[in-house]
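All remarks here apply to the structure that follows.
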Amino acid sequence: KPIFRSSNSYMNVMKRKYNTKKIGFSGTLDPFATGCLIVATGQYTKLFQFLDKTPKTYSATIWLGVKSTSLDIERVEDIRDTKPLELEKIKNAITSLRGEVSYYPPQFCAKKVEGISSYKNARNGIKTDLKKITSSVYDIEMLSYNHPFINFKATVSEGSYIRSLGEIICKNLGIEGTLSSLKRINEGN
């Protein structure tokens, strides 16, 4: 899926391209995210229930010094210069997330509360009361650090929010930051 397209709008492109009315996808990607989106057409959409879509692997970049309500570059509120961080401190903040992690999903997510997607409320300035979720972080590692950008890769369970993991990493570092890129590398085996 290309950047700045919702998964649903991308399906409309696929419908036209393959001249089909029925099309489905395996798991929603944020509009700002790119990468692997498993697509099926016609009767094959019924096969999604038999696919093991875990683990999912993502590569992401955190932009330090940036404040965003959406936890990505779609709703940047403020950008500030920050001092470089120690490499070991960054690695520790990232690898500390291995295992089970409980957190609140971002307000800009597709989770529905009382039939309304949280992101629709968030775009209208309404805070949705989301419940904490627990994700399995099977593996997570820093790929590179070129201040103010931290690149990392995470292999996680289905239903994980990489934007929230990025937020936790920034909190562990004691610094403001947001994701500037997110790519799903693979989905399931």
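Just so you know, residue 1 is the first one in the sequence shown, and it goes up from there.
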Hey, is CG on N124 packed in by over 12 heavy atoms from elsewhere, all under 6.0 Å? yes
If you look at every heavy atom in T82 and G65, which pair is closest and at what distance? CG2-CA, 3.4 Å
Do S59 and N151 come within less than 4.5 Å of each other through their side chains, counting heavy atoms only? no
Taking D78 first and then R80, would you say they form a salt bridge - that is, a charged N and a carboxylate O separated by under 4.0 Å? yes
Would you kindly confirm whether L71 and I79 end up in one hydrophobic cluster when ILVMFWY residues are joined by side chain heavy atoms under 4.5 Å apart? no
Does D52 use its side chain to pair, donor to acceptor, with the backbone of T54 at less than 3.5 Å? yes
Single-linkage hydrophobic cluster V66~F4, side-chain heavy atoms < 4.5 angstrom: yes
Spacing of L97 atom CG and N92 atom CG [to the nearest 0.5 Å]: 11.5 Å
So, the side chain of R123 versus the backbone of F108: is there a donor-acceptor pair under 3.5 Å, distance only? no
With salt bridge (charged side-chain N to carboxylate O under 4.0 Å, His left out) as the criterion, how do E187 and K53 come out once you've worked through the C-alpha distance, each side chain's angles and the decisive distance to 0.1 Å? CA-CA 5 Å; E187 189 170 2; K53 295 175 285 200; 5.7 Å; no
Before you tell me yes or no, could you show the steps for K67 and E176 under salt bridge (charged side-chain N to carboxylate O under 4.0 Å, His left out), namely the whole-Å CA-CA distance, both residues' side-chain angles and the distance that decides it to 0.1 Å? CA-CA 6 Å; K67 183 178 180 183; E176 202 68 69; 5.3 Å; no
Could you go through L179 and I162, starting from their C-alpha distance and side-chain angles, then the distance that decides it, and tell me whether this counts as side chain to side chain contact (heavy atoms under 4.5 Å, CB included)? CA-CA 9 Å; L179 289 193; I162 305 302; 4.1 Å; yes
Please determine whether side chain to side chain contact (heavy atoms under 4.5 Å, CB included) holds for the pair V39 and M11, giving the CA-CA distance in whole Å, both sets of side-chain angles, and the decisive distance to 0.1 Å. CA-CA 8 Å; V39 176; M11 288 307 100; 3.7 Å; yes
Return yes when atom NZ of K112 has more than 12 non-hydrogen atoms of other residues, nucleotides or ligands closer than 6.0 Å, and no otherwise. no
same_hphob_cluster(F152, Y138) at 4.5 Å side-chain heavy-atom cutoff: no
Between T134 and S102, is the side-chain hydrogen bond (donor to acceptor under 3.5 Å, both in side chains) condition met? List the steps. CA-CA 4 Å; T134 300; S102 292; 2.8 Å; yes
Tell me every residue that passes side chain to side chain donor-acceptor pair (under 3.5 Å) with S6, counting only those two or more places apart in sequence or in another chain. S9
Counting heavy atoms not belonging to F48, are there more than 12 under 6.0 Å from its CZ? yes
Just wondering, do Y58 and V156 contact through their side chains at under 4.5 Å, heavy atoms? yes
Under the side chain to side chain contact (heavy atoms under 4.5 Å, CB included) criterion, do I140 and T155 qualify, and how do the steps go? CA-CA 6 Å; I140 189 166; T155 301; over 6 Å; no
E100 versus S136, side-chain donor and acceptor atoms under 3.5 Å: yes
Within the distance-only criterion (no hydrogens, no angle test), does the side chain of K1 pair as donor or acceptor with the backbone N or O of R5 below 3.5 angstrom? yes
Roughly how far apart are E88 CD and M142 CE, rounded to 0.5 Å? 8.5 Å
Quick check: do T45 and K22 have side-chain heavy atoms less than 4.5 Å from each other? yes
Residue pair I62 / C170: nearest heavy atoms and the distance that separates them: CG2-SG, 3.6 Å
Heavy-atom distance under 4.5 Å between the side chains of V113 and S118, does that happen here? no
What distance separates I116 CD1 from I126 CD1, expressed to the nearest 0.5 Å? 7.5 Å
Side chains of L29 and R184, heavy atoms from C-beta outward: is any pair under 4.5 Å? yes
Check whether any side-chain heavy atom of E74 sits under 4.5 Å from a side-chain heavy atom of P31, and report yes or no. yes
Side chain to side chain contact (heavy atoms under 4.5 Å, CB included) evaluation trace for K56 with N186: CA-CA 6 Å; K56 297 182 182 207; N186 76 289; over 6 Å; no
Kindly say whether Y104 contributes a backbone atom to a donor-acceptor pair with the side chain of S164 at under 3.5 angstrom? yes
Within the 6.0 Å centroid threshold, strictly below: F149 and H147: no
Are Y145 and L173 connected in the hydrophobic side-chain network, where two residues link if heavy atoms are under 4.5 Å apart? yes
Have Y103 and S135 got a donor and an acceptor in their side chains that come within less than 3.5 Å? yes
Taken to the nearest 0.5 Å, the spacing of M14 CE from T41 OG1 works out to 9.0 Å
Could you tell me whether the side chain of S117 and the main chain of Y119 form a donor-acceptor pair under 3.5 Å? no
P2 vs Y10 side-chain heavy atoms within contact, under 4.5 Å: yes
Atom pair CG/OG1 of N8 and T28 - distance to nearest 0.5 Å: 6.5 Å
Might you point out which heavy atoms bring S160 and S157 nearest each other, and give the distance in Å? OG-O, 2.8 Å
If you apply the rule side-chain hydrogen bond (donor to acceptor under 3.5 Å, both in side chains), what do you find for D72 with T178, and how did you get there? CA-CA 5 Å; D72 61 33; T178 196; 5.8 Å; no
Are I133 and L165 connected in a single hydrophobic cluster, I mean Ile/Leu/Val/Met/Phe/Trp/Tyr linked by side-chain heavy atoms less than 4.5 Å apart? yes
Rounded distance [0.5 Å steps], CG in L51 versus CD in E158: 10.0 Å
Can you check whether L130 reaches C109 side chain to side chain, under 4.5 Å on heavy atoms? yes
